[in-house]
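Letters A, B, ... are given to chains in the order of the sequence lines, protein chains preceding strands, and every chain is numbered from 1.
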Amino acid sequence: MPVITLPDGSQREYDHPVTVLEVAQDIGPGLAKATVAGKVNGELVDATRTIDEDAQLSIVTNKDEEGLEVIRHSTAHLLAQAVKELFPEAQVTIGPVIEDGFYYDFAVDHNFTPEDLEAIEQRMKEIVKRDLPVERSVMPRDEAVAFFRGLGEDYKAEIIESIPQGEALSLYKQGEFIDLCRGPHVPSTGKLGAFKLTKVAGAYWRGDSSNEMLQRIYGTAWPDKKQLKQYLTRLEEAEKRDHRRLGKELDLFSLQEEAGGGLVFWHPKGARIRKVIEDYWRERHLEAGYELLYTPHIALEDLWYTSGHKGFYSESMYAPMEEDGQLYQLKPMNCPFHVLIYKDRLRSYRDLPLRWAELGTVYRHEMSGALHGLMRVRGFTQDDAHIFCREEQIEEEILRILDLTIEMLSKFGFSDFEVDLSTRPDKAVGSDAIWDKATEGLRNALERKGLAYSVDQGGGAFYGPKIDIKIQDAIGRKWQCSTIQLDFNLPERFEMEYVAEDGERHRPIMIHRALLGSVERFFGILVEHYEGKFPLWLAPYQIVVMNITDRQAGYAQDVVEALKKQGFRAFADLRNEKIGFKIRERTLERVPYLLIAGDQEVASGRISVRTRSGEDLGSMTLETLTQRLNQEIAEFGQMQPKLENV
RNA sequence: GCCGACGUAGCACAACUGGUAGUGCAACUGACUUGUAAUCAGUAGGUUGAGGGUUCAAGUCCUUCCGUCGGCACCA
């Protein structure tokens with residue numbers, strides 16, 4: 001006779017085995033309606049699961065995170081059922097839950113069209129109306145293989161075959177549709193409803209590009225219609241800040257078909273912003289103890305053999321070009337060049353650490369399908385630096401890098417960081433001793449900086465452990481920009497040395513690091529983060545001065561000159577247009593400050609100020625204005641970043 | 001690279017089953033001299049991404065290439 005203990009400690013006693021759903025029903029019909037699954041002694045189970053002994057039970061509803069997952073998973077099954085009804089020849093494969101929704105992969109010859117998607121969605125709604133019970137059953141593994149083979153579901157059979165023999169598998173049946181699944185699922189299809197199919201795409205069977213391609217249907221599912229709508233609105237908002245769209249609208253950059261894919265053209269306004277970013281970057285690096293380097297764009301092919309890139313990176317490198325019987329190749333990375341400068345003379349331990357930074361433009365032949373606006377391009381500028389140091393200097397150097405990274409990312413307005421420490425993979429160069437020591441150095445630096453981090457065991461590169469830092473943008477998306485990477489390989493390959501105190505030659509440690517990642521990509525992230533409304537210090541133009549009639553043209557120009565003299569990026573809009581028209585245009589251009597010069601302003605020697613957010617600050621003297629602007633610039637990005645947030 | 005969709009004026013988009021390529025904004029010209037998110041009128045602008053084919057006739061159908069978009073795979 002089961003005694004059911006609920007999360008609040010209350011108990012219910014039954015004189016017969018009960019299902020989760022029955023308990024929920026007992027508590028209240030409202031709860032029963034919202035119930036999608038149950039948690040019995042910590043195990044997530046179907047709401048129809050029978051409990052026959054004493055147990056801890058919590059009812060999982062569509063409001064719980066786990067309940068939402070159940071809904072999404074069940075909606076994926078619903079999709080598969082609808083597809084099987086409409087396209088009986090389609091074979092089902094897998095259908096997992098993903099962020100905000102789910103997908104299901106099918107093997108079919110027919111290509112799903114947008115119209116098909118609509119028909120499938122319609123059929124899904126019909127099945128919801130049928131309110132079919134979802135029934136769980138158990139089948140021995142071998143029987144299950146034969147069962148799915150019998151149905152002509154070869155992919156399913158293959159999945160089951162990869163499960164160890166002797167295990168019993170659970171199957172879920174709704175109407176005529178049966179699928180292998182761990183569950184749990186909603187008790188009946190009527191529990192589903194707030195979903196939408198979003199897109200069709202190709203996807204490789206088992207994620208392997210040497211396998212055949214399946215057709216994947218993506219969908220999103222939510223507890224109710226309202227949340228579904230909110231999600232769709234969120235997608236629209238994200239689309240509005242798409243850097244490709246804003247890049248065109250605000251005339252910041254372009255990609256030119258005539259030049260080839262993945263090659264970025266910076267227009268005047270984009271270039272202004274880039275200059276601000278780069279000036280700041282160089283200045284901070286010099287202050288932080290770096291020296292700046294410039295290196296060529298091409299080098300002899302042999303160099304890339306020495307560095308090893310011809311071996312493990314050649315697929316991404318542009319083909320060699322021949323000149324005077326010698327082969328040159330475009331650089332995909334800056335590191336070998338910095339190594340050459342190091343090797344240009346004999347280094348002493350007294351020289352170390354050497355910190356060398358370069359905004360180095362590299363070219364990588366990314367696969368055509370990978371290209372994406374500024375986020376994934378073929379020619380880009382890394383904010384690269386290499387630190388050559390002694391083993392015992394690792395920790396201190398990493399700490400310095402972390403300081404600079406956090407400061408710089410904060411300056412650009414990011415305050416949420418996610419940090420990963422990746423350790424030694426199975427295949428790696430360098431002794432265990434040096435790996436341990438280096439990894440410890442990275443770990444200690446993170447601890448000293450007070451950064452919370454997660455460890456990606458075995459996730460490091462073959463040549464050294466690394467720290468990656470992700471930032472979160474204004475709408476919660478995460479971007480990996482910064483990477484700090486130890487390298488035991490290149491110093492070896494190039495036989496780098498320094499003379500130590502003992503007079504012997506030793507091998508230095510090399511640290512690669514990029515803080516912004518690439519200037520192009522970081523710029524794209526900034527555009528989306530700010531929706532083109534760059535903070536004052538970054539804005540391509542900070543101030544526009546607009547006259548009301550020709551009479552104030554001279555005054556407006558004087559104001560512009562005065563502002564420029566103080567280092568502001570200002571321009572005049574003297575077009576013979578109504579002030580409302582100019583305000584509209586310049587606001588859409590996201591110029592932070594709009595100054596208006598009419599007869600009143602000329603007479604008083606003041607200026608009327610309006611912000612791009614539509615705030616009318618009234619009239620003020622130029623001095624008051626520039627004070628305000630200077631303060632706004634100085635204060636920006638000085639906020640204390642959140643360090644403990646993982 | 002793979003699967004699919006798409007490519008029409010500077011931009012955003014129209015053009016029923018093949019039958020004279022249009023609209024809005026921008027540009028240009030003129031008028032208006034204007035007070036906080038669009039003044040009015042006029043003018044010009046296109047070998048429909050490129051090449052090949054089918055047809056009396058192709059923006060529309062077929063084909064190759066290029067590019068873009070959504071995914072997959074790969075990745076700063």
Side-chain angles (χ1 to χ4, degrees), chain A residues 98 103 105 108 111-114 116-117 198-218 239 242 244-245 248-249 251 254-262 313 315-316 332-334 360 362 364-384 468 479-483 485 512-522 524-525 546-553 574-589 594-601 608-619:
Chain A
I98 50 170
Y103 67 77
D105 286 349
V108 229
N111 285 323
F112 293 128
T113 63
D116 290 335
L117 232 58
T198 48
K199 55 201 168 198
V200 220
Y204 297 109
W205 166 233
R206 301 203 144 175
D208 185 337
S209 59
S210 58
N211 284 342
E212 61 272 34
M213 191 154 260
L214 308 172
Q215 286 199 68
R216 175 171 297 179
I217 297 179
Y218 283 91
E239 217 176 297
D242 190 312
R244 293 167 297 184
R245 172 201 180 113
K248 186 174 277 185
E249 267 177 33
D251 197 15
S254 63
L255 297 152
Q256 299 288 338
E257 194 173 330
E258 285 164 272
Y313 209 75
E315 270 191 13
S316 297
M333 295 189 189
N334 305 302
V362 297
R364 301 181 184 175
H365 192 269
E366 298 289 346
M367 282 188 279
S368 59
L371 301 178
H372 180 93
L374 293 180
M375 302 304 187
R376 198 68 186 277
V377 293
R378 287 184 172 151
F380 60 97
T381 305
Q382 291 180 306
D383 70 313
D384 212 355
D468 291 322
W479 303 94
Q480 199 216 298
C481 297
S482 317
T483 182
Q485 182 110 40
H512 309 251
R513 46 110 286 191
L515 308 187
L516 312 179
S518 96
V519 177
E520 287 75 4
R521 196 174 105 102
F522 191 74
I525 294 168
M546 305 177 292
N547 59 339
I548 286 175
T549 73
D550 290 343
R551 284 193 301 279
Q552 307 93 27
L574 306 177
R575 291 176 300 169
N576 176 19
E577 297 288 352
K578 287 189 158 181
I579 195 69
F581 177 81
K582 293 196 211 177
I583 285 174
R584 179 184 156 79
E585 283 210 329
R586 301 309 177 184
T587 302
L588 289 173
E589 271 174 44
L594 309 154
L595 310 191
I596 294 151
D599 286 338
Q600 291 165 34
E601 285 73 17
S608 283
V609 183
R610 181 185 159 111
T611 68
R612 66 182 157 196
S613 59
E615 204 185 346
D616 188 348
L617 300 179
S619 90

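Comparing A:Thr483 and A:Leu214 against RNA chain B, the residue whose closest nucleotide sits nearer the 5' end is A:Leu214. Residue order along RNA chain B, read from the 5' end via each residue's closest nucleotide, puts A:Phe112 first among A:Phe112 and A:Gly598.
As a whole-Å value, the separation of A:Leu574 CG from B:rG35 P is 17 Å. In this structure, CZ of A:Arg575 is placed 17 Å from C1' of B:rU29, rounded to the nearest angstrom. Between the CG atom of A:Asn334 and the C1' atom of B:rA76 there is a distance of 12 Å, rounded to whole Å. In this structure, the CD atom of A:Gln215 is 17 Å from the P atom of B:rC2, given to the nearest Å. A straight line from CG of A:Asp105 to C1' of B:rG70 spans 15 Å, rounded to a whole angstrom. Atoms CG (A:Asn111) and C1' (B:rC6) sit 15 Å apart, rounded to a whole Å. Distance, A:Ile217 CD1 to B:rC3 P: 18 Å, rounded to whole Å. Following rounding to the nearest Å, A:Glu589 (CD) and B:rA26 (C1') show an atom-to-atom distance of 13 Å.
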* Derivation and outcome, side-chain contact (heavy atoms from CB on, under 4.5 Å), residues A:Leu255 and A:Lys248 -> CA-CA 10 Å; A:Leu255 297 152; A:Lys248 186 174 277 185; over 6 Å; no

Short heteroatom pairs, N/O only, protein and nucleotides 73-75 of chain B, under 3.5 Å:
residue: B:rA73; atom: O2'; partner: A:Ser209; partner atom: OG; Å: 3.4
residue: B:rC74; atom: O2; partner: A:Arg376; partner atom: NH2; Å: 2.6
residue: B:rC74; atom: N3; partner: A:Arg376; partner atom: NH1; Å: 3.1
residue: B:rC75; atom: O2; partner: A:Arg376; partner atom: NH1; Å: 3.1

Shorter than 3.5 Å, N or O on both sides, protein versus nucleotides 61-69 of chain B: list them out with atom names.
residue: B:rC69; atom: OP1; partner: A:Arg244; partner atom: NH1; Å: 3.0

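Side-chain atoms of A:Lys582 and A:Asn547, non-hydrogen and from C-beta on, do get closer than 4.5 Å to each other.
In this structure, A:Lys199 reaches the B:rG71 phosphate: one of its side-chain N or O atoms is under 4.0 Å from OP1 or OP2. One finds a side-chain N or O of A:Tyr218 lying less than 4.0 angstrom from the OP1 or OP2 phosphate oxygen of B:rC72.
Among the protein residues, A:Val362 comes within range of no part of the nucleic acid, since none of its heavy atoms lies under 4.0 Å from any strand. Within 4.0 Å of A:Lys248, counting heavy atoms only, lie sugar-phosphate atoms of the nucleic acid but no base atom. Using a 4.0 Å heavy-atom criterion, one finds that A:Gln600 contacts the bases of the nucleic acid, with or without backbone contacts as well. If you check every strand for non-hydrogen atoms under 4.0 Å, A:Ala203 touches sugar and phosphate atoms only.
Side chain of A:Asp550, nearest nucleotide from B:rU33, B:rA76, B:rG4: B:rU33.
A distance of 9.5 Å separates CZ of A:Arg612 from CG of A:Leu594, quoted to the nearest 0.5 Å. The CD1 atom of A:Ile583 lies 5.0 Å from the CZ atom of A:Arg610; values are rounded to the nearest 0.5 Å. The structure places CG of A:Leu371 at 4.5 Å from CZ of A:Arg378, a figure rounded to the nearest 0.5 Å. Separation of atoms CH2 (A:Trp205) and CG (A:Leu214) is listed at 7.0 Å; rounding is to 0.5 Å.
With sequence neighbours excluded, no residue satisfies salt bridge (charged side-chain N to carboxylate O under 4.0 Å, His left out) with A:Asp251. Under the side-chain hydrogen bond (donor to acceptor under 3.5 Å, both in side chains) criterion, A:Gln256 pairs with A:Ser254, not counting sequence neighbours.
Of all heavy-atom pairs between A:Ile525 and A:Met375, the closest is N-CE, 3.7 Å. Contact detail for A:Asp383 and A:Leu515: the closest heavy-atom pair is OD2-N, 3.0 Å.
Looking at RNA chain B, the stems built from 3 or more consecutive Watson-Crick or G-U wobble pairs, each pair with its key distances under 3.5 Å, are B:1-7 with B:66-72, B:10-13 with B:22-25, B:27-31 with B:39-43, B:49-53 with B:61-65.
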* Structure fact -> Contact string for nucleotides 36-44 of chain B, one letter per nucleotide 5' to 3', B = base within protein heavy-atom range under 4.0 Å, S = sugar-phosphate only, - = neither, reads BBBB-----

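More than 12 heavy atoms of other residues, nucleotides or ligands shown are found within 6.0 angstrom of CD on A:Glu212.
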